[in-house]
Amino acid sequence: MIDFSNAQYRSILAYMLSQIPDDYDKRDVSPIPTAISPAAYVFEGFFISLNMVQRQAFFQTATGESLDLLAPGQCQPQTGDRCHPQRRV
């Protein structure tokens with residue numbers, strides 16, 4: 001699994017600022033950090049969601065209904081899905 005523990009707002013913002021040449025003013029009050037700060041915040045939310053999806057995709061870390069959906073041969077009658085036996089390849 002991919003480790004998203006460093007995908008926090010401050011580290012994302014620091015990475016984004018490191019991609020900007022030093023010729024530009026990157027102080028907190030300058031327009032550049034002000035402009036990219038909302039994007040860093042959105043990326044943090046994206047990485048949190050991505051981490052949750054990744055954890056629910058594997059038997060070892062899935063919980064609740066996600067774990068039920070990973071069980072082979074299980075159907076969900078409340079959703080109207082038909083059961084399909086697992087095909088062996």
Just wondering, more than 12 heavy atoms not from Phe43 lying within 6.0 Å of its CZ?
no
According to a 4.5 Å side-chain heavy-atom criterion applied to Ile, Leu, Val, Met, Phe, Trp and Tyr, with indirect links allowed, do [X] and [Y] form part of one hydrophobic cluster?
X     : Y     : value
Val42 : Tyr9  : no
Ile12 : Tyr41 : yes
Ile48 : Tyr15 : no

When rounded to the nearest 0.5 angstrom, what is the spacing between [atom1] in [X] and [atom2] in [Y]?
X     : Y     : atom1 : atom2 : result
Leu13 : Gln8  : CG    : CD    : 12.5 Å
Gln56 : Asn51 : CD    : CG    : 10.0 Å
Met52 : Phe4  : CE    : CZ    : 12.0 Å
Ile32 : Lys26 : CD1   : NZ    : 8.0 Å
Met1  : Gln60 : CE    : CD    : 8.5 Å

Check whether any side-chain N or O of Gln54 sits under 3.5 Å from a backbone N or O of Ile2 as a donor-acceptor pair, and report yes or no.
yes
Do side-chain atoms of Ser37 reach the backbone of Thr34 as a donor and acceptor pair under 3.5 angstrom?
no
For the student: nearest non-hydrogen atoms of Ala39 and Met16, plus distance:
CB-CE, 3.9 Å
